[in-house]
Each structure stands twice: as structure tokens, then as C-alpha cells.
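Labels below follow one simple rule: chain letters A, B, ... track the order of the sequence lines, proteins then strands, and each chain is numbered from 1.
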Amino acid sequence: MKKSVTRYVEKAVAAVAAARGVAVAGLPEIAIELPREKSFGDFSSNIAMQLAGRWHDNPRAIGAALKAELEKEDDLVEVTVAGPGFINMTLDVACWHRCLREIAAQKSDYARLDCGAGQRVLVEFVSANPTGPLHIGHGRGAAVGDVLARILSRAGYAVEREYYVNDAGNQMQVLGRSLRWRYLELLGARHGEIPEGYYRGEYLAAMARDLLREQGDALVAVSVAEEDEVGLDFFTRTAADAILLGIRDDLKLFGVDFERWTSEKEFFASGKVDLALAELKEKGVLYQDEGALWFASSRFGDEKDRVVVRANGVKTYFASDIAYHREKYERGYDLVVDVWGADHHGYVPRLRAAIEALGHCPESFAAILVQLVSLSRRGTPVAMSTRAGEFITLEEVVREVGRDAARYFFLTRRSDSQLEFDLELAKAQNSDNPVYYAQYAHARICSIFRKVAEEGLEIEGETPALGAGLTLPEELELIKKLDDFTVVLEAAARTLEPHRVTYYLDDLAAQLHSYYNRNRIINEEGKVSGDRLLLMTVIRQVLNICLTLLGVSAPEKM
RNA sequence: GCGCCAGUAGCUCAGUUGGAUAGAGCAACGGACUUCUAAUCCGUAGGCCGGGGGUUCGAAUCCUCCCUGGCGCGCCA
């Protein structure tokens, strides 16, 4: 509907401009909004005020001229100029009924947009080191990345999900040492506290017990010195493989699937890192200093230059990440989205610099920074310390509160604001828990349809229903809300903000509950309003789409 | 010290990218089940949008200076 109204306003502006002999080119974009106040009508525009400056006239006079043009439109039954120059427009109710029928006809394809125009997008997320199980912070990143991908996909982008496995570098060495230490501990060759800097989580001790049981006690000599490299490759690989399998399981349990798992190690092994560096060198943005090789990222907006090859000859993580992103562009994505923990925000300018240096438009790269999650139980904080190896894993959270609640909770905040996750609240089987609110709305509507079908109730009105009997203010508000979903989805895709869908869903559910409490679809005589049933059909349809976008189930019964 | 993000009701947070009288949930208080599901609804109360200055028809939103909190400032990843 908004699009139709936008066209009317565009037409009116063109007509008025012609009458005044003013050029239409270079005019501001026509912004159509939903007025806060219902009495202002269905849509409003501030275009008269925008034009006032350019046309050197007062906004109310321009508004009056536009109003005269707009009144020629059959669909607009009322046009007024209000306040400082807002143009308020009210549509014929028949338009809203038509709108409802159109949405109903599209069924589950409603709000499949084409604003992505088939452009290819890569969403890279989670990408945690395989050094330990996923914790709750990764869970938030997983929910945000996955739902973002679903939203973009519905908005008409060709989306792929990718997990970048950071399986190279120091921390993998430490992982191998940690597992070897645990193994030797079981053989009585290590005692006391695990050394400082090692991974001390219980999962490695458990893994060591499995190793001993399944593969015996000869994997490494008990006499091996701690600094020694003997057997490290084996322990590193064993630990990383097992942990990565666990991560895949956790993500599956959480409802997240990736098209692609990419290994950092492979980038080094295949020489792609060298290729990327060679390309940068060719572009003249690398230089040698103090024995190291630097990338001149400050020429592309970073605050300082960054090392890509250390003086000891070892390439940095940044170097492999350049190679990785270079490959993303070579694969032909139009938009590259990375979902990171917000503590990596300082890393954004240097990567964007590298992307630009490689000749790609920096606008085509977006980093979504996901803020910290703090856990609590009934308001009291749950301490989490990665150092002590005591953290709540994603798996524990999902098992405790359920996938639906966990996903929903992660999406109730903007990504860049901190999130307090209350385990008791998420687990609550009562009305305090917001995830049930939306699901309940869906189940309630299903229940009506069940009753109609089971009891073979008579449906009143035209067949098929036209919706013409829907004239209550709350019915029209509902139809407008349903119509607005395309706008919300488009905005969520454009701004890469999945929480917009959560808020929309909550609003729609609220309107449904309110309507349900006030009006009956099946009346006292057991007769069913066909028009209201049509309205329920469409609401259920949109609730279902939203829940599916969030990866939350849409129960038919609760 | 420099940079990034945040600061909105008692608490947790939205706020359609500059619009009209700033919203929701929880908590508090008062109501609604012989009903298509009360996991719901209706009502009351709650505000110097961190503070000052600026930009304009118009600012929670933009620019600037302070205050507070989180994070980042490695030839770690």
C-alpha cells in the first residue's frame, strides 16, 4: 500500500512542479510514513516541508497544491494539510480489504521481496576457534548471523552461510599441549595445576580419558619434557577435530546450518596467503620495516599500519584474513557480511582497508558487531570465567531453556547493545516469558480453525470472503500492520538488523491478542464470520513467516 | 592518553535514519475466565531522552564540548 501512496505523491509533486515551471530533477526522495496518531489518517508525508526550502514557498501553500492533486485519486478519500505542513492521507477502506485479499492470495510467499535482486551475499558468523565448546556469546552470534541470512534470503538475496575455522596459529599449539598434559596427567607423569596459559576446561580432561581408553597409553612417552614438541601435532589435531565436531553438533541443536566450513590452515597450506600478499605488493601497499612486512592500511583510513609478516618470518592472523576475504570477493559475492564479537571492533578498519586496497568497494563489506551477553538467574549474575574454564556452554543453555527461547532471547536486542540473558526467565513456562507470547498468538488462531473444522461450523458471508465486513478500527489497524510487514522486512535487510523482525512479531501478536479478547470470530450461535476468518488466516500466515525467519517453531497447540 | 559502542520510566530495552503529544515488556496498583486456549486482555501510575552549547520550520535522532559505563589500542588470534 505504501508503494501505491508513494506513487500518488510522486505524481502530485510532478504535477505541481510542472504547474510552477520548476524542474523535478534533484528533488528529495518521497518519504511516506505511518503517522503516530491514528486520527491523522493512514499515511503521511513531509514532502511539502522538504520542498519549501527548494521552492522558496511556505510549506502549507505547497501542501494545499499537492492536496488538490491528491484528491483526484480515487483511492484517497481524505487528504488534509496539518501542522507545519504534513500531508495526511486516508485510504478508502475498500483498498484495505483488497490489500488483505492480496496478502491472503500470496500465502506463505507474502513478503518475498526482490530488493536483493538476486545479489549474492556471504554471511560469515560464529567462526570460533576450535579450542573449546561454544559458549553463550557464540550463541548470540549464531542467532544473529543465521536470522540475518534468513532475512536477506527472503528479501531476494542469494545467501550463503560460512564458518571460518581459525585452526592455525598459537592457540592451536596451546590446545595440543593442554590435551597432552591432561593425557600425561592420567599416566601419572604430570601433577598439580595445569600450567598458566593452558586451556583448563574439563572437556580436555574428558577427552584425555577417552584417548587413554580407546588408544592406550603409548601415544607419547611419559618421559617427554613439557617444552618438547613430541606428539604435539597428533594431540592438536585430535583435540581440534573432536571440538569442531562438538561445535557442529551444538549448532545443529541450535538450528543453525552452514553451507561452508572454511579452514584457516588451508589458506596457509595452499599458498593463498602468499598470493594475497603478492597482490598487495604489486599494488605497492606493502613495505619492509624493522625486519617485518607491513601493510599500509593507514592510507585507507586505518589509524596505523599493520604487520602481515613478522620479523621471525611467521605470517600474522591478519595476513590470512586478507587472503580469506580476497577469496570471498573472488567467489563473486556482491555483499560480504561478517558477524563478530564487539571486542574485535578495532579490527574493522584494517580489514576494510585491505578490501579497498585489493580494489573492492568498501561499501560492499559490512561487519556486524555483536555485544557481550551476561548471564543471570532471577536477576543475580552468573559468573563466567574463560580463564578458569568455567563458562556456560551454548549446549547447556539450549538444553536448559530450549532452542526457541534461546534464539528468541538473543534477538530481542539490537546487536550492538549488551544483552542480559536470564536463564530462569527464558525457562519460565509462564507469561513472563516473551517467546510464548508470539507462539501463543499463532496457537490461538490455529485453535479457532480446529474448532471450525471439527464441528463443521457454518461460515457466513461471501465465498470466498472479501473482507468487506471488516470495518472496526482494530480490524483496519490489523490489516495495516500486516501490510506494513514488507516495509519492516525490507528495512531489516537494508540495515542488517534482525531484531526488527522480533519487535514486529511482538507487536502483531499483541494486536491479535487484544482483538481476540474483544471480538469473536465464532459467535454465540456457532456461526463463523467469513471475513474475520480471512483476517485470522492472514495473521496466522504472517506470524508463521516471522517465527520461521527467527528460526522459532510455530506451534498449533500450546 | 587515543579510538569504537552505549547512556531513554524503578528494571530490561524499542524508537520507522530529522517529524506531530517519546513507546513496549517486567515490577507496582485496580479490574476481566459458565467464552474461539487467562501462556491472554483492559485500566492507573511512572520521563530534564546523561549534561551544556550549536545547526533549522522541527532534535532522543545531526555537529561540538564535558560526565558515566563497556570494549579496543601486540610483530596475539
Side-chain angles (χ1 to χ4, degrees), chain A residues 31-37 40 44-46 49-50 52-53 58-60 82-86 88 129 131 166 168-172 264 289-294 303-304 306-318 320-321 341-349 369 371-372 374 379 412-414 416-420 422 425 428-437 439-441 443-452 455 457 484 487-488 491 494-495 499-500 502-504 506-507 509-510 512-524 526 528 532-533 536 557-558:
Chain A
I32 303 293
E33 312 183 325
L34 307 179
R36 194 197 318 284
E37 198 66 43
F40 293 156
S44 74
S45 174
N46 63 355
M49 289 177 285
Q50 303 250 20
N58 114 27
R60 294 202 59 112
F86 289 102
N88 294 329
N129 297 328
T131 56
N166 295 135
N170 270 333
Q171 84 281 11
M172 297 308 294
E264 181 190 2
D289 190 35
E290 293 178 16
L293 188 63
W294 298 71
E303 57 183 13
K304 52 184 271 199
R306 309 290 173 175
V307 170
V308 286
V309 182
R310 304 206 280 265
N312 64 9
V314 177
K315 296 170 195 93
T316 60
Y317 172 82
F318 181 43
S320 66
D321 219 17
D343 53 343
H344 288 72
H345 66 78
Y347 196 77
V348 178
L369 300 171
Q371 277 286 0
L372 209 85
S374 54
T412 54
R413 302 284 179 267
R414 263 178 29 221
D416 55 8
S417 83
Q418 294 189 11
L419 170 68
E420 195 180 314
D422 194 309
L425 181 59
Q429 296 279 326
N430 62 37
S431 55
D432 290 346
N433 193 334
V435 69
Y436 294 116
Y437 191 78
Q439 292 182 315
Y440 186 47
R444 266 189 153 170
I445 296 176
C446 290
S447 159
I448 297 171
F449 281 94
R450 220 166 21 240
K451 173 139 180 162
V452 170
E455 302 184 9
L457 299 177
D484 194 42
V487 177
V488 171
R494 189 187 65 242
T495 59
H499 75 279
R500 288 171 186 261
T502 315
Y503 279 88
Y504 173 84
D506 193 65
D507 277 354
L512 180 274
H513 286 311
S514 176
Y515 180 77
Y516 181 96
N517 272 275
R518 231 150 88 154
N519 303 286
R520 299 192 54 87
I521 287 78
I522 302 170
N523 68 19
E524 266 70 13
V528 189
R532 289 184 172 177
L533 211 53
M536 290 303 120
K557 213 181 223 178
M558 286 174 74

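- Side chains of A:E264 and A:S320: a donor-acceptor N/O pair is present below 3.5 angstrom, by distance only.
- No engagement by A:N523 is indicated, since no non-hydrogen atom pair under 4.0 Å with the nucleic acid exists.
- Judged by distance alone, with hydrogens and angles left aside, the side-chain atoms of A:Y504 form no donor-acceptor pair with the main-chain N or O of A:H499 at under 3.5 Å.
- Base contact: A:A311 has a heavy atom under 4.0 Å from a base atom.
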**Prompt:** Where along nucleotides 7-15 of chain B does protein come under 4.0 Å, by heavy atom, of base (B) or sugar-phosphate alone (S), with - for untouched nucleotides?
**Reply:** -----SSSS
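- Between the side chain of A:N46 and the backbone N or O of A:M49 there is no donor-acceptor pair closer than 3.5 Å.
- Listed nucleotides: B:C75, B:A20, B:C71. Nearest to the side chain of A:H345: B:C71.
- A donor-acceptor contact under 3.5 angstrom links the side chains of A:R532 and A:Y515, judged on distance only.
- At a threshold of 4.0 angstrom between heavy atoms, the contacts of A:F449 with the nucleic acid are absent.
- Across all strands shown, B:U44 pairs with B:A28; the Watson-Crick or G-U wobble distances both stay below 3.5 Å.
- Closest to the side chain of A:K451, from the set B:C36, B:C75, B:A20, is B:C36.
- For the pair A:R450 and A:G291, both in contact range of RNA chain B, the more 5′-proximal nearest nucleotide belongs to A:R450.
- For B:G53, the paired base is B:C63 (Watson-Crick or G-U wobble, both distances below 3.5 Å).
- Between the OH atom of A:Y437 and the P atom of B:A39 there is a distance of 13 Å, rounded to whole Å.
- Separating the CD atom of A:E33 from the P atom of B:G19 is a distance of 6 Å, rounded to the nearest angstrom.
- Out of B:A38, B:C75, B:G19, the shortest distance to the side chain of A:M49 is found at B:G19.
- Taking the six-membered ring where tryptophan is involved, the planes of A:Y317 and A:Y347 are tilted, since the angle between them lies from 30° to 60°.
- Per the geometry, CZ belonging to A:F40 stands 9 Å off P belonging to B:A20, to the nearest Å.
- Nucleic acid contact class of A:E524 (heavy atoms, under 4.0 Å, all strands): none.
- Candidate nucleotides B:U35, B:C42, B:C73 were compared by shortest atom distance to the side chain of A:R520, and B:U35 ranks first.
- With B:U35, B:C75, B:C4 as the choices, the nucleotide that has an atom nearest any side-chain atom of A:E290 turns out to be B:C75.
- In the model, A:N129 has a side-chain atom that pairs as donor or acceptor with a side-chain atom of A:Q171 under 3.5 Å.
- What separates CG of A:N46 from C1' of B:U56 is a distance of 14 Å, to the nearest Å.
- We find that CG of A:L293 is positioned 13 Å from P of B:C75, with the value rounded to whole Å.
- In this entry the distance linking CG of A:N517 with P of B:A38 reads 7 Å, nearest Å.
- The side chain of A:R444 lies closest to B:U40, out of B:U40, B:C5, B:C73.
- Residue contacts for A:H513: at a heavy-atom cut-off of 4.0 Å it reaches the sugar-phosphate backbone alone, with no base atom in range.
- Between B:C36, B:C42, B:C57, one nucleotide has an atom nearer to the side chain of A:P84 than all others, and that is B:C57.
- For A:W294, counting side-chain heavy atoms from C-beta on, the closest listed nucleotide (B:A77, B:C75, B:U40) is B:C75.
- Base orientation of B:U17: syn, since the glycosidic angle falls within 90° of 0.
- Using a 4.0 Å cut-off, some side-chain N or O of A:R310 falls inside it from OP1 or OP2 of B:A77.
- In this structure, the CD1 atom of A:I32 is 12 Å from the P atom of B:U17, given to the nearest Å.
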Residues 308-315 of chain A side chain polar contacts: donor-acceptor under 3.5 Å, at least two apart:
| residue | atom | partner | partner atom | Å |
| --- | --- | --- | --- | --- |
| A:N312 | OD1 | A:V314 | N | 2.9 |
| A:K315 | NZ | A:D274 | OD1 | 3.3 |

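- Within 4.0 Å of A:A168, counting heavy atoms only, lie sugar-phosphate atoms of the nucleic acid but no base atom.
- Formation of a donor-acceptor pair under 3.5 Å by the A:R60 side chain with backbone atoms of A:G83 is found in this model.
- B:C4 is paired with B:G70 under the Watson-Crick or G-U wobble criterion, all donor-acceptor distances under 3.5 Å.
- Among the nucleotides B:C75, B:A20, B:A38, the one closest to any side-chain atom of A:N88 is B:A20.
- Under the stacking criterion of a centre-to-centre distance below 5.5 angstrom and an interplanar angle below 30°, A:F86 is not stacked against the six-membered ring of B:G19.
- Nucleotide B:C33 is shown with a syn base, its glycosidic torsion being within 90° of 0.
- Both geometric conditions, a ring-centre gap below 5.5 Å and a plane tilt below 30°, are fulfilled for A:H344 over the base of B:A77.
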**Message:** Show, in sequence, the C-alpha distance, side-chain angles and deciding distance for A:L419 and A:Q371, and conclude whether the side-chain contact (heavy atoms from CB on, under 4.5 Å) test is met.
**Reply:** CA-CA 7 Å; A:L419 170 68; A:Q371 277 286 0; over 6 Å; no
**Request:** Show your reasoning for whether side-chain contact (heavy atoms from CB on, under 4.5 Å) applies to A:L369 and A:V348.
**Result:** CA-CA 10 Å; A:L369 300 171; A:V348 178; 4.3 Å; yes
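- Nucleotide B:G23 forms a pair with B:C13, judged by Watson-Crick or G-U wobble geometry with both contacts under 3.5 Å.
- To the nearest angstrom, C1' of B:G72 lies 12 Å from NZ of A:K304.
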